[in-house]
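Some notes on the structure that comes next.
Keep in mind that the numbers below use all heavy atoms, side chains included, and drop hydrogens, waters and symmetry copies.
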Amino acid sequence: MNEMAHLIVIGAGPAGLSAAVSAAEQGLPVTVLDEFTEPGGRMPGQYHEEGSQGWWVGKHVSDELITRCVELGVDIRCGVSVHGMEYTTTWEISTSCGLFTADYVLLATGAAEIPVPLDGWTLPGVMSIGAAQVMTNVHYVKPGERGIIVGMNVLSMAIARELSVAGVKVAAITLPCANPLAGSAADPTASAKLLLQLSGLAPAAWMRAGGRLAAAMRMEKLIACCYPHRGFRLWDIPIQLRTAVLSVNGQDRVESVTLIHVKPDGSPIPGSERVEPADFVALSGGLYPLAELAAVAGCKFVYSPELGGHVPLHGERMETSLKGLYVAGNITGIESGLVAMAQGRLAAVSMLHAAGLGGEQRVQEAIREVHFARKHALIQFHPGITEARMQLYQQWGQTSGSGA
């Protein structure tokens, strides 16, 4: 089967669906490919507060985008895996359903989780934090009756609140035990710094103000030293910054975890072990960009810790170093769904402009929308994202010879 489309979007998450809508509204034929059985990506499982905007309910946003795609005649193909990309006179996309060709391709492949391994993590009942989110918010199935979340980062804190709101009992959020793979995730000082950056998620105004003040004063070392072993409660969940999971225990499934107190540098305190009952454990090590298809296509890459790892080199208009290939969403750096949607719309108007179907003013408006979404997004995955993006765009300008 050989099918022709002007634009192929790979990934039916917030960036991909937003791009498809924007392109189709201007008359560009669009085909969306996604390996999952349903469109929407991780959106259906997400809901969180966005400051004055209220609750952002991913399921509602996803349904609206899918409905709009159907109204515009966007061809959404789910259950289709892409395994090859090559540019000749057009882009040729090799998939599990045959060959697709297009003048323009948008990679909106999103991100993947990085679970931190620990002793006993192969037991049934141990899962990634994202799996716990999908079970609870998408399939309406509790991951268990009483669980422990391992790892303190944006993902774990945001999803912990979602689980709590859904009535799932989270006994504690702890650190992983120090090991070569855990890295800074096992460091109380590094985790304290992350918690301060997440103060905007706190339920009380005094906690948000105090967190911002402590972050400005760089008090993470003092906090790590003075933090009580019992922890503090946030949304009625104990945040145990000075406690780590030594092992997950059980015969045929998770039955308990062994916890141990740690020093401010993350080293365990002998004799402080205790066993905590639990029937599920959620591992949270953060996210990294899913950029394998960009590598297959031959994109240039850069490494940026602030963006989550290796990302395709791209400009502010979301174009890559390859003709007709654009990127949007978490493949460009780990940010919130609101930013991904704005990037998807920007990629669409950039492609329309390149195809002679849109003006420069619309591109500039879309760029400003991305800046606005990034500035006002309550959930910030990594500090220094804005500065990292400016450095990336400068490198793009030097490499491509274009004004990024």
Can you confirm whether [X] sits close enough to [Y] that some side-chain heavy atom of one is under 4.5 Å from a side-chain heavy atom of the other?
X    : Y    : result
S336 : V339 : yes
R274 : T258 : no
Y104 : W91  : no
L175 : T243 : no
F280 : V168 : yes
H83  : E292 : no
I148 : V245 : yes
D187 : D265 : no

To the nearest 0.5 angstrom, please state how far the [atom1] atom of [X] sits from the [atom2] atom of [Y].
X    : Y    : atom1 : atom2 : value
L322 : M85  : CG    : CE    : 8.0 Å
S94  : E86  : OG    : CD    : 8.0 Å
L107 : I10  : CG    : CD1   : 5.0 Å
I385 : E306 : CD1   : CD    : 9.0 Å
I173 : M157 : CD1   : CE    : 4.5 Å
M351 : Y326 : CE    : OH    : 7.0 Å

Smallest separation among heavy atoms of [X] and [Y], with atom names:
X    : Y    : result
N179 : P117 : ND2-O, 3.8 Å
L241 : P188 : CD1-O, 3.5 Å
C177 : I260 : SG-CG2, 4.1 Å
G308 : P289 : O-CD, 3.4 Å
V126 : V254 : CG2-CG2, 3.6 Å
I76  : C69  : CD1-CB, 3.9 Å

Handout entry: Residue pair H310, Y288: steps toward the side chain to side chain contact (heavy atoms under 4.5 Å, CB included) verdict
Key = CA-CA 8 Å; H310 289 90; Y288 70 91; over 6 Å; no
Under a 3.5 Å distance rule, please check whether [X] uses its side chain to pair with a backbone N or O of [Y] as donor and acceptor.
X    : Y    : value
S128 : L283 : no
N330 : E335 : yes
T320 : L325 : yes
T136 : A132 : yes
D75  : G73  : no
D34  : P39  : no
R345 : A366 : no
T95  : C97  : yes
Y303 : P305 : no
S156 : G151 : yes

[X] and [Y]: side chain donor to acceptor below 3.5 Å:
X    : Y    : result
D236 : S164 : no
Q343 : T332 : yes
E387 : Q391 : no

SB check [X] [Y] (cutoff 4.0 Å):
X    : Y    : result
R42  : E113 : yes
R317 : E360 : yes
R389 : E316 : no
E71  : R68  : yes
E145 : K169 : no
E255 : R253 : no

Practice task
Look at atom CD of E25 and say whether more than 12 heavy atoms of other residues, nucleotides or ligands are closer to it than 6.0 Å.
Solution key: yes
Problem - F36, CZ atom: more than 12 neighbouring heavy atoms under 6.0 Å - result: no
Practice task
Show the numbers, then the answer: is there a side chain to side chain contact (heavy atoms under 4.5 Å, CB included) between L118 and S247?
Solution key: CA-CA 6 Å; L118 46 81; S247 65; over 6 Å; no
Practice task
Go through the steps for I8 and L33 under the test side chain to side chain contact (heavy atoms under 4.5 Å, CB included), then give the verdict.
Solution key: CA-CA 7 Å; I8 285 180; L33 307 177; 4.0 Å; yes
Exercise for the section: Apply the side chain to side chain contact (heavy atoms under 4.5 Å, CB included) test between L106 and each candidate in I331, V9, V32, V30; give the one that qualifies. Expected result: V9
Exercise for the section: Take D103 and T90 through the test side chain to side chain donor-acceptor pair (under 3.5 Å) and record every step on the way to the result. Expected result: CA-CA 5 Å; D103 299 312; T90 59; 5.7 Å; no
Exercise for the section: Verify side chain to side chain contact (heavy atoms under 4.5 Å, CB included) between S321 and W396, making sure each step is shown before the conclusion. Expected result: CA-CA 8 Å; S321 56; W396 162 261; 4.3 Å; yes
